[in-house]
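Worth saying up front: this structure is predicted, and the values here are computed from it rather than measured.
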Amino acid sequence: AFRRMSKWDTLRKGHIDTLPEQLVKALGSSQTEFDLEALELNPVSANMHAARAANLECNAVAHLAEKRLADCKETATNGPEIKSFLAAVEDVCFSRPYFKAPRLDRDMKQRAFVPEGSVEVVRKSRWDIDKSIFAPRKAESDARAYMDTSKMFSKQMFVDWKRVIGKQRFLKCLKLSDVEVASKEQSLQNEADEVKDVLARYQAQICRTYMYFCMLGGSMGEAAYSMTLNQFTEFVKEADIIDNTSRSSKLSDCDTIFIATNYEEEKDSKDAEENDDTALMRFEFYEVIVRLAIAKFGKGESTSDVSDSVGMLLSQNLMPLLKRNRDIDVDRDVFREERLYCQEVDDIFQKHQDFFMASYNFYKARNNTKLMAMPQLMAFLQVAGCLEPATGISLREAKLCFMHSKMESIDELKKRQRVVSLTFVDFLECFARIADLMSPPTLEDLKADYYDDVHNPIDPDRPTFQYYSKVTLQQAEHFHRPSAELTAYKTRDLDEKLEQVVELVLESFFQYWGVDNEQKLVK
């Protein structure tokens, strides 16, 4: 392969650092010497059977990558298809037939005879999530899976958009704002479909933005899952949508759009009972995006096409906002896939399952549903010592953990309590996210910089609880880790943090209830 390359010198200079030392020496010698030395170093390089096998392997992984790329084009979300495609591309990069030494055939060696029963064989079973503490989530979630699937997102978009185009006032706005529709060059249905397609491409980002600004308010419980006027105003300001020099996108215009979007045409319907009259639901946020796009870019300002104006708003206002504030664009499944769903975390929750189940049942009993609402979670975290100033967990961050711990729902109105409350598995995930965000100091750091044998001896049974019960805010800032941020890269495994936070919570509850062990606490 080297010998037949036309740009021999360029290849030799450009790739000299990536070649084995022996081949580098061979490249500097004459052509004949290079052939002989290369064959001596890698005899199988002249084997046609090995070359064909390498070529077939490369073709196979390339064909798989093409299929994964086709799957990406069919979906509008940044879901598992993208991850599968990137993994396939990586396989292609590592399966190139050129400059890849095929495996040499080796003679099979006979294993030594071991008498039966002379060695004890310990077989460790592979961890199965279907048998873990997270198993109920597959049946409980709308996705019928442990992750939010692209199929679920498609159904969610269908339900939300059906409610949007079911409003006659919105359709009238669409008709009057699009030149081609108004002149009957294009049907209203076609333009509505085009707008839906644009929104679907940004569906994940739109939903994350909606939920983030909902959680910024002071409301708790069901009210926290809708966007009030104050939170909407905060959104249009941070997204730079307000333009006081324009004709129709001043702050007063945005307030008018909020009121127009929140108007309910059918006040006696079942959906209207769950739809807050003074706040935006998720499907109404899609409508308000379209109306804002028309006001800022449509009606001849930048375009006369509604779908184009929506694309402009999302690309020029929403996406830059997500880049400026990384806390908004959080993919919930990344935490689940990379940190939560594993043997070590499952073992900790299984070990303390009785305590977590008793806590869940006790606190959820304060409302009339079978699920845990946001106020009940905050009450649990308060007693557990997780919302103290030294932990660094604010009420806003606790609410975001609550929201991120829930699986997505297809219909936000028909199963409203499921949308705004935690199942038991959601509760466990929320606790894990809190522990990951707290990021308590390691025991090594505490022994080295906090405890001493004379004035502040360590309690070996509860070092984390002892630290959080005595540490000052100034000392806590010294131990604050860069990874203790919502979107920061995590440097420690979750199970290590989880063990420490479980210790803190149990000791806090022991003191609160006046017991000295976990079994008595559960009872």
Side-chain angles (χ1 to χ4, degrees), residues 132-137 220-221 340 342-393 395 397-399 401-402 405 421-443 446 451 457-471 476 493-523:
S132 70
I133 201 167
F134 308 110
R137 169 167 277 180
M220 301 284 283
L340 182 66
C342 64
Q343 176 76 63
E344 294 77 13
V345 173
D346 183 35
D347 287 343
I348 294 174
F349 281 135
Q350 295 278 11
K351 177 181 178 181
H352 302 283
Q353 182 177 3
D354 291 344
F355 163 71
F356 283 109
M357 182 61 76
S359 300
Y360 179 78
N361 290 331
F362 176 80
Y363 281 94
K364 78 178 178 64
R366 298 186 178 190
N367 59 33
N368 297 325
T369 69
K370 297 181 179 180
L371 305 170
M372 178 181 281
M374 188 181 293
Q376 284 75 56
L377 174 73
M378 300 306 163
F380 167 81
L381 294 176
Q382 194 70 54
V383 176
C386 295
L387 295 181
E388 296 298 324
T391 64
I393 303 294
L395 183 62
E397 289 171 326
K399 291 173 66 175
C401 288
F402 181 97
S405 301
S421 305
L422 299 176
T423 65
F424 177 64
V425 178
D426 295 339
F427 169 64
L428 295 180
E429 179 178 336
C430 185
F431 184 83
R433 288 180 183 272
I434 291 289
D436 208 26
L437 188 58
M438 278 181 58
S439 192
T442 64
L443 296 180
L446 291 176
Y451 293 115
I458 187 173
D459 185 342
D461 295 328
R462 49 179 194 172
T464 304
F465 172 78
Q466 181 184 359
Y467 165 76
Y468 280 113
S469 61
K470 294 182 179 180
V471 69
D493 291 336
L494 176 59
D495 60 290
E496 180 184 341
K497 300 179 183 180
L498 200 57
E499 284 277 17
Q500 290 184 261
V501 178
V502 167
E503 175 218 308
L504 166 66
V505 171
L506 286 175
E507 291 295 336
S508 298
F509 271 93
F510 290 164
Q511 287 198 358
Y512 186 81
W513 289 100
V515 295
D516 57 2
N517 63 66
E518 189 172 347
Q519 187 176 5
K520 293 180 180 178
L521 177 64
V522 170
K523 291 182 178 180

**OP:** Rounded to the nearest 0.5 Å, what's the gap from OG1 on Thr442 to CD on Gln500? Could you check?
**Re:** 7.0 Å
Original post:
If we only count heavy atoms from C-beta on, is the Val425 to Phe349 side-chain gap below 4.5 Å?
Top reply: no
Original post:
For Leu446 and Pro463, which heavy atoms make the closest approach, and how far apart are they?
Top reply: CD1-O, 4.4 Å
Original post:
If you round to the nearest 0.5 Å, how far is NE2 of His352 from CG of Leu428?
Top reply: 12.0 Å
**OP:** Decide if atom OH of Tyr512 counts as having more than 12 heavy atoms of other residues, nucleotides or ligands within a radius under 6.0 Å.
**Re:** no
Original post:
Does Tyr467 reach the side chain of Leu504, with side-chain heavy atoms less than 4.5 Å apart?
Top reply: no
Original post:
Ser405 and Asp426: which non-hydrogen atoms are nearest, and at how many Å?
Top reply: O-OD1, 3.3 Å
Original post:
Counting only N and O atoms by type, is there a donor-acceptor contact under 3.5 Å from the side chain of Glu503 to the main-chain atoms of Thr464?
Top reply: yes
Original post:
Looking at Phe509 versus Phe380, is the centre-to-centre ring distance below 6.0 Å?
Top reply: yes
Original post:
Out of curiosity, Ser359 OG to Leu506 CG, how far, rounded to the nearest 0.5 Å?
Top reply: 8.5 Å
Original post:
So, Asn361 side chain and Met357 main chain: donor-acceptor pair closer than 3.5 Å or not?
Top reply: yes
**OP:** Determine the minimum heavy-atom distance between Ala435 and Pro440, stating which atoms define it.
**Re:** O-CD, 4.1 Å
Original post:
Can you find a heavy atom in the side chain of Ile434 that is under 4.5 Å from one in the side chain of Glu397?
Top reply: no
Original post:
Does Phe402 reach the side chain of Leu381, with side-chain heavy atoms less than 4.5 Å apart?
Top reply: no
**OP:** Measure from the side-chain N and O atoms of Glu388 to the backbone N and O of Ser469, and report whether any donor-acceptor pair falls under 3.5 Å.
**Re:** no
Original post:
Under 6.0 Å between ring centres, would you say that holds for Phe355 and Trp513?
Top reply: no
Subject >> Glu499 side, atom CD; Lys351 side, atom NZ - distance, nearest 0.5 Å >> reply: 5.5 Å
Original post:
Are any non-hydrogen side-chain atoms of Pro441 and Tyr468 less than 4.5 angstrom apart?
Top reply: yes
Subject >> 4.5 Å side-chain heavy-atom contact, Glu496 and Glu344 >> reply: no
Subject >> Flag, side chain of Thr391 to backbone of Met438, donor-acceptor distance under 3.5 Å >> reply: no
Subject >> Nearest-0.5 Å distance that lies between atom CG in Leu498 and atom CG in Asp347 >> reply: 11.0 Å
**OP:** Supply the atom-to-atom distance Cys401 SG to Ile393 CD1, rounded to the nearest 0.5 angstrom.
**Re:** 6.0 Å
Original post:
So which heavy atom on Cys386 is nearest to which on Val505, and how close?
Top reply: SG-CG2, 3.9 Å
Subject >> Lys364 vs Leu422 side-chain heavy atoms within contact, under 4.5 Å >> reply: no
Original post:
Is a donor on one side and an acceptor on the other found under 3.5 Å between the side chain of Asp346 and the backbone of Ile133?
Top reply: yes
Original post:
How are the rings of Tyr360 and Phe427 set relative to one another: parallel (under 30°), tilted (30 to 60°) or perpendicular (over 60°)?
Top reply: tilted
**OP:** Spell out, as yes or no, whether a donor-acceptor pair under 3.5 Å connects the side chain of Asp493 to the backbone of Asp495.
**Re:** no
Subject >> Contact check, side chains of Val515 and Lys523, non-hydrogen atoms, under 4.5 Å >> reply: no
